[in-house]
Amino acid sequence: MRYLIRSSMFLLIPTGWSSAGIGAMAAVALWASCLDPAFAAAAASQPERVTLQLKWLHQFQFAGYYAAQAKGFYRDEGLEVTIREGGADKPPVAQVLSGEAQFSIGDSDLLINRINGQPVVALAAIFQHSPYVIMSRQDRGLRTPADLVGATVMLSEDQGGIQLRAMLQREGIDPKLVNIIPQSWNLDDLINGKVDAMSAYATAEPALLSARGVTPATMRGVDYGVDFYGDIIFTTEAEVAKHPDRTAAFLRATRKGWEYAFNHEEELADLILGMGGVAQRGLTRESLIGEANAMRTFILPEVVEIGHLNPARFESIARTLASLGLVRSDFSLDGLVFEPHPDPNSRLLHWMMGVGMAVFVLVALVLFWNMQIRRRVRVRTAQLQAEVNHRTEVQQQLKSSQEMVQLMLGTAATGIVMNTPDGRFLMANPAYYAIIGYTEAELRTTDTRELTHPDDRVRYAALRDRMLAGEFESFSDEKRYVKKDGSAVWVRSTVSLVRSAAGEATHIISVTEDITARRAIQDQLRQSEVLLEIAGRTARIGGWMLQLPAEPVVWSDEVCKIHDMPLGTRPTLQQALEFYAPEWREKIADAVQSSIQGGRSFDEELEIITASGRRVWVRAIGEVARDESGKLHRLHGSVQDITERKQAQESILRLNAELEDRVRRRTARLEAVNRQLEAVNRELETFSYSVSHDLRSPLNTIDGFSQLLDRAVREKVGEKGLHYLSRIRAGTRQMGELIEGLLSLAKLSRDPLHFGPVDLAAIARQVAQECRDREPAREVNVCIPDGLSVEGDPRLLSVVIYNLMGNAWKFTSKQVVARIDIGCETAVNGETVYFVKDNGAGFDMAYADKLFGTFQRLHSLADFSGSGIGLATVQRIITRHGGRVWAHSREGLGACFYFTLGAVQVKSALDTV
């Protein structure tokens with residue numbers, strides 16, 4: 001059977017028909033064909049001229065518009081379209097609102113323009129997911145939005161700025177914490193470290209950066225819950241109202257152009273390459289085709305009709321902006337999305353075509369009834385047989401597919417689980433059971449939403465709810481599961497939503513990877529980086545690396561700061577060496593050359609002259625690294641600012657010189673003092689000898705003759721004369737005691753100390769016994785504990801105890817029952833304090849400063865005898881032992897004398913000066 005083919009119908013004409021039958025069929029076909037729009041259209045009128053303003057320079061991003069123009073799709077719709085290249089000085093919204101262009105291309109920022117009262121109308125969204133990203137150098141370590149705090153970022157406010165700000169706020173980061181500057185669209189600003197990051201198109205700039213030899217790193221909004229449209233074709237309300245047919249025609253032709261562009265990528269790449277300025281910007285045929293491949297993941301031409309716009313998604317994007325405070329909450333999007341009106345003539349034409357076809361089918365059925373029945377039986381039989389064969393083949397393929405799926409699930413290293421939207425478990429693979437520790441039977445009775453750690457549950461539930469609401473079809477998240485044993489496990493889940501043909505959510509599939517070990521390593525690395533940064537900042541030390549043979553020197557941030565250079569500076573080896581001061585440059589150059597040629601390490605302290613002209617002392621350390629074959633392939637080390645240390649060293653040297661000079665002068669003075677003291681000591685010895693011989697002999701003579709006179713004239717001089725004689729003898733004895741005291745005091749100052757163990761308790765008991773022997777009639781209670789062992793001069797410490805105990809015995813003589821206590825106690829500062837306490841006469845503390853002076857007495861001789869030398873002697877001995885002595889008393893209530901023994905051992909009178 002042969003066929004006559006028409007564009008809108010098919011006529012099947014058997015070869016054995018009569019000419020009358022063929023004529024009837026031809027008449028019907030001719031009538032139906034006349035109803036075809038191509039024949040019914042009126043003669044073409046003059047094309048309407050419109051302007052399309054691109055949002056940027058010529059590249060594959062706009063290939064659909066070039067194709068619609070080059071292939072005549074705009075001309076077929078009666079349009080003559082001028083495509084005008086964009087730029088930073090041609091903001092799309094301003095161009096359209098001012099009438100410079102009828103159509104242009106924007107982003108989801110159009111929502112803000114519409115909410116703020118500007119009459120823009122969205123026609124189609126070419127990119128179903130916005131390609132705007134934050135791009136940085138991978139070696140800068142900017143991995144998450146939190147890393148942008150304090151960083152310098154270039155943004156274009158009218159090209160993706162809003163959605164990138166929304167990403168920051170979605171992560172709880174105030175955009176004010178980021179140093180945002182206007183976009184220059186100059187990759188050199190990022191490469192040279194002028195900025196830390198910049199907004200970019202994922203389909204273009206990352207590839208350009210890689211071509212410059214720099215590895216890019218990007219942050220996408222969709223990874224942080226910000227999923228907007230990109231490249232939205234828009235016009236104005238006035239254009240839609242005045243020219244609705246022209247607007248619809250422009251939209252139809254544009255869609256055809258995009259379909260053609262994605263089916264003829266190489267042809268469009270050649271077309272774009274011939275446009276002005278394209279080759280000059282470094283674009284090549286390969287880069288344009290690479291851009292086309294990258295665009296597919298954002299446009300999704302195989303999945304979604306090109307230009308598809310969902311008003312509900314616009315509502316969702318607006319709610320996201322409102323929740324972040326970027327637009328007001330009482331927004332209205334009425335009129336934002338273009339809705340073309342059907343053409344009445346078109347409906348009539350299609351109705352007439354339908355009627356014609358019905359008539360044709362009716363006639364054909366009457367003419368061909370018998371033949372068709374027989375042919376249909378044969379065809380149906382063949383079809384049934386083919387259907388049986390096809391179903392058998394499909395069943396076999398389905399079985400193989402099921403077996404393959406089961407094999408994949410069973411052997412997959414990552415966990416895979418399928419749940420219902422309300423959390424009911426459906427199925428999982430063994431890897432998932434291993435991650436969470438539950439069995440299949442246990443999961444079937446569990447609400448799987450409760451497996452998420454409580455601290456992550458709210459955030460994860462919000463992502464699920466937004467996915468179910470249609471904001472996005474999938475998302476990735478890092479969270480914790482609570483395992484059956486109660487422990488937590490970190491996982492990264494990629495969650496996808498499965499919908500029915502009617503668009504209802506039926507299943508949620510999660511692909512889960514156990515990242516507990518990775519998270520622990522990341523935390524350790526993050527802590528190490530923070531500690532290393534703090535240590536480097538505190539110690540003013542940074543690292544450097546030279547990859548041999550001739551790559552630039554990599555400097556850490558701290559090394560850049562030491563040299564007063566911008567962060568990210570990478571000088572050549574020669575440039576790095578030129579920072580060293582001229583007098584040190586040859587030394588460091590030789591050290592580096594020795595390392596490169598001989599593999600020797602170096603550690604030098606030298607001066608550099610920074611970029612700002614400061615002279616800075618640094619410690620430069622270099623070591624070599626070898627590959628597996630032992631070949632030297634890298635030189636690395638550190639640079640530390642040691643200026644303060646050098647200045648401190650110079651100060652110490654100056655101080656040492658000054659101290660040495662002071663010591664020499666002080667030594668000279670001490671030697672002079674020693675010579676004077678030696679002379680004084682000789683004079684004291686002479687004085688002592690004189691006192692001992694010249695004064696004691698007359699006193700002995702006076703005392704002897706007074707005794708003879710007392711015996712010779714006792715009966716003749718009477719009572720008064722005897723009194724005078726007794727006074728003479730008492731004065732002579734007192735004078736003798738004073739001379740003995742002075743001699744003892746002088747001797748104490750001259751004799752060297754001989755240290756050894758001393759038992760103060762034994763000395764005290766001996767003194768107490770001697771006192772009782774002299775005055776057996778007195779009743780005195782003496783309390784002396786054991787354990788009063790000290791280090792000191794035994795002879796001198798015995799004098800201390802004899803004096804203190806003797807005073808206590810003397811000043812308690814008027815008490816009916818006297819009490820004397822000797823002991824020690826520990827002071828607040830841990831010092832051991834020894835004391836001798838009595839309940840005797842005491843003294844007035846107002847005169848305590850005179851207590852230890854020579855010949856100082858606080859009681860009259862008539863009340864208590866004594867020379868006034870004893871306590872002065874005690875103080876001199878205690879001072880020579882490095883201690884101190886003091887007393888507390890209340891008149892009539894006794895006194896307590898305290899003393900300490902220090903670690904200082906004074907050996908002669910010279911040491912006490």
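Count residues from 1 along the sequence.
Nearest heavy-atom pair, Lys55 versus Gly106, reported as atom, atom and distance to 0.1 Å: NZ-O, 4.0 Å. Residue Arg466 comes nearest to Glu471 through the heavy atom pair NE-OE1, 2.9 Å, listed as atom of the first residue, atom of the second, then distance. In terms of heavy-atom proximity, Ala197 sits nearest to Leu142 at CB-CD1, 4.3 Å. Residues Leu300 and Gln128 approach most closely at CD1-CB, 4.4 Å, considering heavy atoms. Here the shortest heavy-atom pairing between Thr494 and Ser476 reads OG1-OG, 3.3 Å. Of all the heavy atoms in Ile272 and Ala63, the pair that sits closest is CD1-CB, 4.2 Å.
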From CA spacing to verdict: side-chain contact (heavy atoms from CB on, under 4.5 Å), Leu468, Leu497: CA-CA 8 Å; Leu468 293 171; Leu497 183 63; 3.7 Å; yes

Derivation and outcome, salt bridge (Lys or Arg N to Asp or Glu O under 4.0 Å), residues Arg449 and Asp422: CA-CA 8 Å; Arg449 294 172 296 187; Asp422 60 357; over 6 Å; no

Full working for side-chain contact (heavy atoms from CB on, under 4.5 Å) between Leu209 and Ile191: CA-CA 8 Å; Leu209 190 62; Ile191 294 173; 3.6 Å; yes

Derivation of the ring-ring contact (aromatic ring centres under 6.0 Å, His included) call for Phe234 and Phe103: CA-CA 6 Å; Phe234 72 94; Phe103 304 97; 9.3 Å; no

From CA spacing to verdict: salt bridge (Lys or Arg N to Asp or Glu O under 4.0 Å), Glu442, Lys484: CA-CA 10 Å; Glu442 291 169 336; Lys484 182 180 179 181; 2.5 Å; yes

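Looking only at atom types and distance, the side chain of Gln183 has a donor-acceptor partner in the side chain of Ser199 under 3.5 Å away. A side-chain N or O of Asp107 and one of Tyr132 form a donor-acceptor pair less than 3.5 Å apart. Side-chain contact annotation: Asn419 with His507, donor-acceptor N/O pair under 3.5 Å absent.
Ile134 pairs in a side chain to side chain contact (heavy atoms under 4.5 Å, CB included) with only one of the listed residues (Asp196, Leu168, Leu164), which is Leu164. Remark: of the listed residues Phe250, Phe73, Phe60, Trp258, Trp258 is the sole one forming a ring pair (Phe, Tyr, Trp, His ring centres under 6.0 Å) with Tyr65.
Note on Arg114 versus Glu237: salt bridge recorded, some NZ/NE/NH1/NH2 to OD/OE distance being below 4.0 Å. The pair Glu440-Arg444 meets the salt-bridge criterion, with a side-chain N (NZ, NE, NH1 or NH2) lying under 4.0 Å from an Asp/Glu carboxylate O. With respect to Lys176 and Asp174, no salt bridge is recorded, no charged nitrogen being found less than 4.0 Å from a carboxylate O. Ion pairing between a basic and an acidic side chain is recognised when a charged N comes within 4.0 Å of a carboxylate O; Glu478 and Arg492 show such pairing. A salt bridge links Arg296 and Glu265; the closest N-O separation between the charged side-chain nitrogens and carboxylate oxygens is under 4.0 Å.
Note that the CG atom of Leu283 and the CZ atom of Arg281 stand 5.0 Å from one another [nearest 0.5 Å]. The NZ atom of Lys479 lies 5.0 Å from the OG atom of Ser493; values are rounded to the nearest 0.5 Å. Separation of atoms CG (Asn429) and CD1 (Ile416) is listed at 5.0 Å; rounding is to 0.5 Å. Here the CD1-CG distance, from Ile181 to Leu155, works out to 9.0 Å after rounding to the nearest 0.5 Å. Residue Leu190 holds its CG atom at 11.5 Å from OG1 of Thr152, rounded to the nearest 0.5 Å.
Annotation: Phe62 is not in aromatic contact with Trp56 [ring centroid separation under 6.0 Å not met]. Aromatic rings from Tyr66 and His58 are positioned such that their centres are separated by under 6.0 Å.
Heavy-atom contacts from other residues, nucleotides or ligands closer than 6.0 Å to CD of Glu504 number 12 or fewer. Counting non-hydrogen atoms of neighbouring residues, nucleotides and ligands closer than 6.0 angstrom, the CD atom of Glu473 exceeds 12 such neighbours.
Under the 3.5 Å distance criterion, the side-chain polar atoms of Arg480 are left unmatched by any main-chain donor or acceptor of Val491.
Using cut-offs of 30° and 60° on the angle between ring planes, the pair Phe472 and Phe475 is perpendicular. Ring geometry for Tyr432 against Tyr481 counts as perpendicular: the plane angle is over 60°, on a 0 to 90° scale with 30° as the lower cut. Between Tyr201 and Phe127, the angle of the ring planes goes over 60°, which puts this pair in the perpendicular group of the 30/60° scheme.
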